[in-house]
2 protein chains.
Amino acid sequence: MSVPGLSLNLATVRPQFGFAAAVDACLAQGVTAIAPWRDQVEAIGLAEAAKIVELNGLKVTGHCRGGMFPATDQAGLNAAIEDNKRAIDEAAALGADCLIMVVGGLPGSSKDIAAARGLVAEGLAAVLPYARACQVPLAIEPLHPMYAADRACVNTLEHALDLCDALGSGVGVAIDVYHTWWDPKIRPQIARAGRNGRILAHHICDWLVPTRDLLLDRGMMGDGVIDLKGLRADIEQAGFRGPQEVEIFSSENWWKRPGEEVIATCIERFRTVC
Amino acid sequence: MSVPGLSLNLATVRPQFGFAAAVDACLAQGVTAIAPWRDQVEAIGLAEAAKIVELNGLKVTGHCRGGMFPATDQAGLNAAIEDNKRAIDEAAALGADCLIMVVGGLPGSSKDIAAARGLVAEGLAAVLPYARACQVPLAIEPLHPMYAADRACVNTLEHALDLCDALGSGVGVAIDVYHTWWDPKIRPQIARAGRNGRILAHHICDWLVPTRDLLLDRGMMGDGVIDLKGLRADIEQAGFRGPQEVEIFSSENWWKRPGEEVIATCIERFRTVC
């Protein structure tokens, strides 16, 4: 039995499975779309990962991740730009729908978030021609504001879309409901993203109450407070018809359970609450 | 030696001091502005607290807190409205500059944040005539988006100012840099707040990297990444000249130190990094 419309971000089963085992476990339960992380691909080798994708006819909803541009000097920014080009190469080899861009936070001991945002814009502009040439769309992922300092200084869909407007073609957004559900402007901004053809990915999990860790306490769909069906309706209304990609970092719960159980639960919740 | 321009939110020394002892400790170091919490006032009694304020000529930069409107039924909302009127009475008795409004999150098991926001608007509108009659301005405090579910579903200054525009006179905003520093629209929204005469309070602390707890790991000014001087300049440029109010919840650090040391550190950092 296949599960159309569902993709598994392989971070969801990071401690349980390497790339090949994760793919096997997905296929065993009918999941035929995945999104790997660079270290997972590197561990098995890009050629082997691409072969597994091709032989199994997998859809790759995104490659995680590029970005992390802000640096304390030009050499650091240049290094990030070069590293992003390698990530684009990988995304192309895997046939990924997009390269996910977690843009980076404050460099060094900086307190100047406006300057960091300027470096993000500069870095994106620098890699975009290469991404276009490789036909790999760049998906800017606005991260929750609690990650503004250390992971991504683009924290609202509106800001991400403003960047897209400035950058032109070949760039769009990944809408992760964990990061954006709270935003009072999320609905009009989803509509704006759709009008401009910018929606490249739709990530799901849930916001737990209480949340015990800023990074590693994401919830399984249905266990939290996010209106998943409502946001899905908005995103589909805006024209995006790709799979919903489950991405759960959960050091104390889902990462401790058997990977098969995690995947089975994702499928069951995807069918009932998403 | 007095410390003009600095107010101490008494939650900063909550485990160390009750109301009277906190006031004594502040006065001993020249701090003559405070912001108490309702439970701290209740513990000593409103009349006694008001007497201490008056006899010492204290400035009360805010009374914490009203709000918490969303409820699962009308009776719950009505109870919240009545409770807010009592908080307004207290703020008036203390001569507070404003009543801080932490508006509340999702009621019960609701996932409908738009509905919760509607209840907030309804509750604010219901208490506002009473607040106006008592000459107690209501200060809507946008809280960081990580509190959207369980504390406050108003999470940006822009949203708070939209509410103010809809409500009319007698309501404004408390700008806490901990909650708002990440916002790409913070500078123009501070300017908007100033143009409309809406800035009622300016709260400070710092955002630590890493942040180990969503609620109780706020940093002392200078220990984190917030551009405190830059935001102060924006807020003063917008016309607000009241004290900066230090509000630090820190279960594993500042709440474990002697209260006198905490106050001394607040003063030193206020003079050097704010």
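A quick note: this is a predicted structure, and the numbers were derived from the prediction, not measured. So that the names make sense, note that chain A is the first sequence line, chain B the second, and so on, each numbered from 1.
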Separation between CG of A/Asp217 and CG of B/Leu214, rounded to the nearest 0.5 Å: 9.0 Å
Side chains of B/Thr156 and A/Pro184 in contact at under 4.5 Å (non-hydrogen atoms): yes
Mutual orientation of the aromatic rings belonging to B/Trp182 and A/Trp182 [parallel < 30°, tilted 30-60°, perpendicular > 60°]: perpendicular
Interchain contact, B/Arg187 with chain A, by part (heavy-atom threshold 4.5 Å): neither
Contact summary for A/Ala148 and B/Trp181, nearest pair of heavy atoms: CB-CH2, 3.8 Å
Neighbour count >12 (heavy atoms, 6.0 Å) for atom CD, B/Glu268: yes
Among B/Gly105, B/Ser109, B/Ala149, residue most engaged with chain A (heavy-atom pairs, under 4.5 Å): B/Ala149
Part of residues 158-175 of chain B lying next to chain A, heavy-atom separation under 4.5 Å: B/Glu158, B/His159
Whether over 12 other heavy atoms sit under 6.0 Å from B/Arg212 CZ: no
Please tabulate, one pair per line, all N/O donor-acceptor pairs under 3.5 Å involving side-chain atoms of residues 223-231 of chain B, not counting sequence neighbours.
{"unit_1": "B/Asp223", "atom_1": "OD1", "unit_2": "B/Arg269", "atom_2": "NH1", "d": "2.9"}
{"unit_1": "B/Asp227", "atom_1": "OD1", "unit_2": "B/Gly230", "atom_2": "N", "d": "3.0"}
{"unit_1": "B/Lys229", "atom_1": "NZ", "unit_2": "B/Thr272", "atom_2": "O", "d": "3.4"}

Residue A/Thr211 versus chain B: region with a heavy atom under 4.5 Å: both
Residue B/Asp112 versus chain A: region with a heavy atom under 4.5 Å: neither
Nearest heavy-atom neighbours spanning B/His144 and A/Met146: CE1-N, 3.4 Å
